[in-house]
Asker: 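Structure in structure tokens, see below.
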Amino acid sequence: MTAEGARPPAARGERDQVVCAKHQVPLETGKIDLTYQGHTFAIDVLRCPVCGLALIPEEIAKGRLLEVEQTLEEK
Amino acid sequence: MDPRQIQELEQLCVQDEPSWCEAACPLHVEVHAMLAAAARDDFKAGAAVFAKRVPFPGILSRICDRPCLAVCRRGEVDDALQIGLVERSCADYAGFAPETPRPGSTREEQVAVMGGGLSGLTAAVELARRRYAVTLFEASDRLGGRVRLMPAEELPAHVVESELARLEAYPIDIHTDARLGADLDLDGLLDRFAAVYVATGGGTPSGPPDHDGPQITPEEIDPVTLAASRDGVFAGGGLRRPTDRAGTGRSAACEAPEGYSPSLSISDGIKAATSIDRYLKGESLSAHREREGPYASRLFTSVTGIEKVPAVRPGKPESGYTREEAASEAGRCLQCRCLECVKACTYLDHYHEYPGKCIRRVTKNITSLPGKSYRTYTPFLNSCSLCGLCRVVCPTDLDMAVVNSEARRVMWDKGFMPPAVHDFAIRDMEASNTGPCGVPLDQPGFSSSSYLFFPGCQLVASAPSHVERVYRFLMDKLSGGVGFSAGCCGAPAAWAGRRALFQEVLDNFTRRWAEMGRPRVILACPTCSLMFKDGLPKVPVVSLWEILDREGLPSDVPPGMGRRLALHDSCTARSAPEIQDSVRRLVHRLGYEIEELPYNRELTKCCGYGGLMSLVNRKVADKVIDSRIEESPTDYVTYCSNCRDFFAGKGKVSYHVLDLIFEGHRAGKPATPGPTLSERRSNRHGLAERMLTGIWGGPMLEPRDHERVKLRIPPDVAAKMERDFILAEDVQQVIFQAEQTGDRLELPAEGRFIAHYRPGLITYWVEYAASGAEYEVFNAYSHRMQIVAEEGR
């Protein structure tokens, strides 16, 4: 039905197009705390300036987060 | 097992043992390394290996008594390696590096060495290397002892002279024409020296015995330490070997003495130096000396299948091998090693590791304190299928399944195991046991059961219609009521090292089983059989295959027509010959001819599912599946649904025994892959619903809220979800939550939403759009890290 190349997931596209559905405002860069295996750290992501709802794009989930997950699993 | 007990298993691995030739050599020359170097025409490296352990390499390389020959494993195939001749080639074509000058003594103690033969010279050199002040006394007018008796064509005098010139590098005080008894006595020596090594057993070609009467008898010499009965006196060499002495100095000039062992003489010299060093330092003389002289190695080396290649004979025996002959002979070395398990196990082969080394690393992995050092071996110990083939092929029965499963337990108990690693399988188990039919039911119309059909959660997921037909068949054939359960035996918990959770599954089952009147449990899955055997030994079980063997087959079974199928035994049935036999009888009865795979029955291989291998390490699991399906081009028949699905998933035509019973073979048709992970979940649910309504007469199951979310998942997204262990149900939960709470991001231009939800340990993200009554899914991904605080929320 859908080829990834023809219709790429929008999460990989332009970030300024993403808005918070509840507050209808564009997302802005902000910090969120992430925790795993007893360790906590903050990363900058896009999030709603009103409610704070965040977006972790796939590139980050499968890139930096995965890397950190694997490192923390060995600690 | 605690980490210490796990570590102790390392002792069982013989791969670290030296080769037999090295162990038999009194000097423990690394023969295999020397031969490997010679085989690649690097005689310089070969000579260096030899000289590393031998103080006068130019002499020994020509006159070694070669105790290695008798133990060479190659001798069992054709001819033992001509190690002595290759040694000589190293000397001939490379020579040995000259001695580098050594600094003078730094220790105050003076040591005397009596006897300038190989043993005494070696002791003197070894003691000088340890910085003692050494004085050497030789009875005759020149050094060398019995090596002077060797035929000149074997050991030319110039070689002896140039090798003895090595002594010049050491500050050793040498006195010739000094005979024990005549010029010196032990009392006098002990007044002047802190320790004495007596190595006067040899003689000179024409000279008299080198001491007057035996002041030390062989019987008073300790074979381990070479300590004589007098304090501070050590003795060795020919002196303690009467057979050596018989020929010593009594032979005709220029004739090799009978029974003379130059290698043992040198070995005694090294041993004496060690003893004297320990004696003067006040250390234990006897501790840890078991392997100083010749010993038998524990190494196992299989010689099965080795092609016969006779030893190379030198074209001109008198001048030894040519370079080419020596390299060719050295190339026959088997480079002895064990690696029986690594040869059989794709997982160990993938990691290029053998158990001894693995166990050391696994132990470190499970004992490291958090933050102290990295636990880099977690993926290794979690990637094992726990199949136990290694134990069967191991000469000492070492079982890596025990090591890895115990290590997982320790890690879980200490809180070191990342729970997300096995989360998918644990949730799958819990879904089975808490879902419909997860708790065993009595047959309708019965308040207790004589039998309980427990097909196993994976068979229910893979082949629900077979399960239903079998159950109807069993109710028809067996009396006293046949209960049913679609539950899980707890294997995922056991494999994940979660002992308490496994016990909880067993306890829940046992409670309900007792309420049902303790029925005999009919098992169709070999893994369930293993879990019941280990975890519930008091619950009577019987395999479905034995029941079918006894009660007969359903009436409308399609005939096998003598078609040939290769039978794959499940790894969890490795130690269950009764299951293996009944399946074979059944397959025969169905009309098929059975082909036995090279690895079968007790030696069978895992399909890639065991031990949760495929969940943790897809790469290894893929290799395991490939290696198994490449064993035969014939279509396979299995009695585990996961084995069937894993093989079929790689395009191998594979049948479950129940496929043959209810569908027959599909001659010439391609493999039918098993259901996807999401389909497996819905198959279980669908079967339970069909059985609860159709057999128990109950109402349709009420779907849970998120299950009402209807999805449209394009094939590419579905394939990605399958790869990443994301279920349709996970996506349903994300969308349900997002739609309920309004917590979702929007891509207005495309009319899509992005939302995330964390139902357990994993956070799922879904990009979707509403499409009529359905939701179209454009992407799904996940991560293990948990979002703790989204600022401002």
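Note on naming: letters A, B, ... go to the chains in the order of the sequence lines (proteins, then strands), and numbering restarts at 1 for each one.
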Asker: Can you give me the closest heavy-atom contact between A:L53 and B:D743, atom names plus distance?
Answerer: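 The answer is CD2-C, 3.7 Å.
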Asker: Checking B:F753 against chain A: side chain, backbone, both or neither under 4.5 Å from a heavy atom?
Answerer: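 Side chain only.
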Asker: With a 4.5 angstrom heavy-atom cut-off, could you sort out which part of A:I43 is near chain B: side chain, backbone, both or neither?
Answerer: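 Contact with chain B: none, neither part.
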Asker: Hey, could you give me the CD/CZ distance between A:Q37 and B:F416, rounded to the nearest 0.5 Å?
Answerer: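 It comes to 11.0 Å.
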Asker: Chain B heavy atoms under 4.5 Å from A:L66: which part of the residue, side chain, backbone, both or neither?
Answerer: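 Neither part.
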Asker: Closest approach of A:Q24 and B:E746, non-hydrogen atoms and distance?
Answerer: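 For A:Q24 and B:E746, the tightest heavy-atom pair comes out as NE2-OE1, 2.8 Å.
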Asker: Short question: side chain of A:E69, backbone of B:M785 - any donor-acceptor pair under 3.5 Å?
Answerer: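 At least one qualifying donor-acceptor pair exists.
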Asker: Looking at side-chain heavy atoms only, is the closest gap between A:Q17 and B:E750 below 4.5 Å?
Answerer: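 Sidechains of B:E750 and A:Q17: in contact.
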Asker: Measure from the side-chain N and O atoms of A:K62 to the backbone N and O of B:S782, and report whether any donor-acceptor pair falls under 3.5 Å.
Answerer: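 Indeed, once roles are kept as given, a pair shorter than 3.5 Å links the two residues.
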Asker: Is the number of heavy atoms from other residues, nucleotides or ligands under 6.0 Å of B:K414 NZ greater than 12?
Answerer: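 Yes, the 6.0 Å shell around NZ holds more than 12 heavy atoms from other groups.
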Asker: Which bit of B:T763 comes within less than 4.5 Å of chain A, counting heavy atoms only: side chain, backbone, both or neither?
Answerer: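 Nothing of B:T763, per the 4.5 Å heavy-atom cut-off to chain A.
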Asker: Determine whether more than 12 heavy atoms belonging to other residues, nucleotides or ligands lie under 6.0 Å from atom NZ of B:K364.
Answerer: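 No, not enclosed.
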Asker: Heavy-atom pairs under 4.5 Å with chain A: which of B:P748, B:A749, B:S368, B:P379 has the most?
Answerer: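 When all of B:P748, B:A749, B:S368, B:P379 are compared, B:P748 has the most.
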Asker: For the OH atom of A:Y36 and the CZ atom of B:R784, what is their distance to the nearest 0.5 Å?
Answerer: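 So the gap between those two atoms works out to 5.0 Å.
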Asker: Measuring from A:I56:CD1 to B:I754:CD1, what's the distance to the nearest 0.5 Å?
Answerer: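 A:I56 CD1 to B:I754 CD1: 12.0 Å, rounded to 0.5 Å.
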Asker: Please look at B:T376 and chain A and tell me whether the side chain, the backbone, both or neither of the residue comes under 4.5 angstrom of a heavy atom of that chain.
Answerer: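 For B:T376, heavy atoms of backbone and side chain both lie under 4.5 Å from chain A.
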Asker: Please report the closest heavy-atom contact between A:L55 and B:L745, naming both atoms and the distance.
Answerer: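 Residues A:L55 and B:L745, closest heavy atoms: CB-CD1, 3.5 Å.
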Asker: Chain B heavy atoms under 4.5 Å from A:V68: which part of the residue, side chain, backbone, both or neither?
Answerer: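 Answer is side chain: those atoms of A:V68 sit under 4.5 Å from chain B.
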Asker: Got a donor-acceptor contact below 3.5 angstrom from the A:E73 side chain to the B:P418 backbone?
Answerer: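 Not a single qualifying donor-acceptor pair exists.
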Asker: Calculate, to the nearest 0.5 Å, the distance between atoms OG1 and NZ belonging to B:T741 and A:K22 respectively.
Answerer: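 B:T741 OG1 to A:K22 NZ: 5.5 Å, rounded to 0.5 Å.
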Asker: Could you report the tightest heavy-atom contact between B:H783 and A:A61, atom names first, then the distance?
Answerer: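 Between these two residues, the closest heavy atoms are CD2-CB, 4.0 Å.
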